[in-house]
Amino acid sequence: MKKLWFLLLCCMLFMTCGILSVSAQDLSEDVVRAVTENLDNFFPITTLWEKFDRKAPSIFGNLGTETATETNTNETRNMLLFVNPDGLSTYVFWEKVNSRNSKNFCFSMDVTVNDIYPPQESGCFIGFINDGPSSSAEKEPLQTTMIVISDAIYMETQTEDGSLTDRNKLADRRGPQVNLMIVRLTGETLFYVDGEMVGQYHDGKSGPFSLRYGTVAYSHGEAAECSFDNLSVREVMK
Amino acid sequence: MILKRMLIIFILFAAEMVLCTVVSADVNPDTLLRTADSEIFIKAGFLQDYSKDTDYFNEFINGDIIHQFYNARGKSVEVLTSLRPSPLTVITNNKNLQFDAQRVRGFHASFKMRRVESIPRDGGYCWLRYSDKFQSGIGKERGVIIYPGFKAYSFGPDNGELVYTEIADLSEFNTGRDVRVDIIRLDGVSYFYFDKFFVFQYEDGISALVSFEGGTELLEGANRIRCDFDDFSIVAQ
């Protein structure tokens, strides 16, 4: 009788593992490796390459609880966000990338974290949002998907009002400057840090998407100062 | 009675030997490949060695499958990728692997092909075919298609669709390395060689001129297939 119970338990464990592995929708290792090794031929069209080495207008904003500035200095784009936190709201100060809306792209930037305080409550990010003109009749809810350098490196999704819907740690923090890259191809998103694939995500959105980068302060975040450089956007087709 | 039976068997055996001798006296496939280019196919040839690199060309098929082709490092590369398991079998070719301008009746065609990547391992095939497509029209053509590492088929129209019939098993020809394929067509019969060894022959029944094309086939449920082609040459009679 004991053996029967043991077998039954094993069967249940096996089935649970099976269900979990089916529901986890990660791409296979072979597919991820094929994409990673062939980024140059999956995304051969460079649509934007920005080194921030030209003069650009500075931006200053003050909304009472938040103050934000954006300047080009030392051939980088610098973004500052100061917040008087209310313990509830997330503040995002972002810049839209001047490239066309797209469903398939490889978006890369060098990001330097100058100051984030407190470290776990603020960060620097690059990401994308499904705010492009959609061909579908039904407008899908807006969602920002991003890779954030905070106390660690995270993948996050936010709704239009800044509420977090997903947050997964991808990697530990690295040196002061890292290269962040987001690859979105046929609905699958891969996140890279310094060329290493650290995570993947299936957003279920049809897009098209516009690209963004910027700073974020969560409910208790007070400051985020980030520098951005070497912005690159590559696409699959012209 | 026993003698009579033995005599009948002997006569049948002798008749078969005579028939075989007649056929092999016409064409010896094993020597044909060695002598073809010096004695039979003497017209100016065509050679594509893919020595010039091209830009990458990408397109989407069915939204989620990426078809890529380009020439690089002296090869013509043809790739199909579906990040999720492909919902359908997809067959593609491209302009670098279409030889419609080379229209021939009797010929010696030679090329190299290699299945460089397949996810999973049996996720697809590389193929090359000849057909009378340019004269009969797409969907009405007759021809032969070979899948090294799998099979060879003849095909032709039947009630408005192309029907494929297996004519040879090529499963022993590993395509994970460069495989050299030679096809010699003489008097309506095609002789197929892999790595210079005669493998099979087939009378295709095509009276029109034929042309060639090559490509990849990604099977349903698979993720990726990449085939490299090289040194495609044709010499005609």
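Every chain is numbered from 1 and lettered A, B, ... according to where its sequence line falls, protein lines coming before strand lines.
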[X] side, atom [atom1]; [Y] side, atom [atom2] - distance, nearest 0.5 Å:
X	Y	atom1	atom2	value
E235(A)	N58(B)	CD	CG	11.5 Å
R224(B)	S28(A)	CZ	OG	11.5 Å
F42(A)	T81(B)	CZ	OG1	3.5 Å

Open item on the list: If you compare all heavy atoms of Q68(B) against all heavy atoms of N41(A), which two are closest, and at what distance to 0.1 Å?
Closed with: NE2-O, 2.8 Å
Open item on the list: Could you report the tightest heavy-atom contact between M237(A) and E59(B), atom names first, then the distance?
Closed with: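 In this case the closest contact between M237(A) and E59(B) is SD-CA, 3.9 Å.
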Mark yes when over 12 heavy atoms from residues, nucleotides or ligands other than [X] sit less than 6.0 Å from its [atom1]; otherwise mark no.
X	atom1	result
D194(A)	CG	yes
K151(B)	NZ	yes
I138(B)	CD1	no
Q177(A)	CD	yes
R177(B)	CZ	yes
R226(B)	CZ	yes
Y164(B)	OH	yes

Open item on the list: Counting only non-hydrogen atoms closer than 4.5 Å, does F57(B) touch chain A with its backbone (N, CA, C, O), its side chain (CB onward), both, or neither?
Closed with: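 For F57(B), no heavy atom lies under 4.5 Å from chain A.
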Open item on the list: Given heavy-atom pairs under 4.5 angstrom as the criterion, report whether the side chain, backbone, both or neither of I119(B) touches chain A.
Closed with: side chain
- [ ] Could you check if a side-chain atom of I66(B) sits within less than 4.5 angstrom of a side-chain atom of T186(A), using non-hydrogen atoms only?
- [x] yes
TODO: Indicate yes or no: at least one non-hydrogen side-chain atom of I45(A) is less than 4.5 angstrom from one of Y56(B).
DONE: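 They are not in side-chain contact.
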- [ ] Please flag which part of V35(A) lies under 4.5 Å from any non-hydrogen atom of chain B: side chain, backbone, both or neither.
- [x] side chain
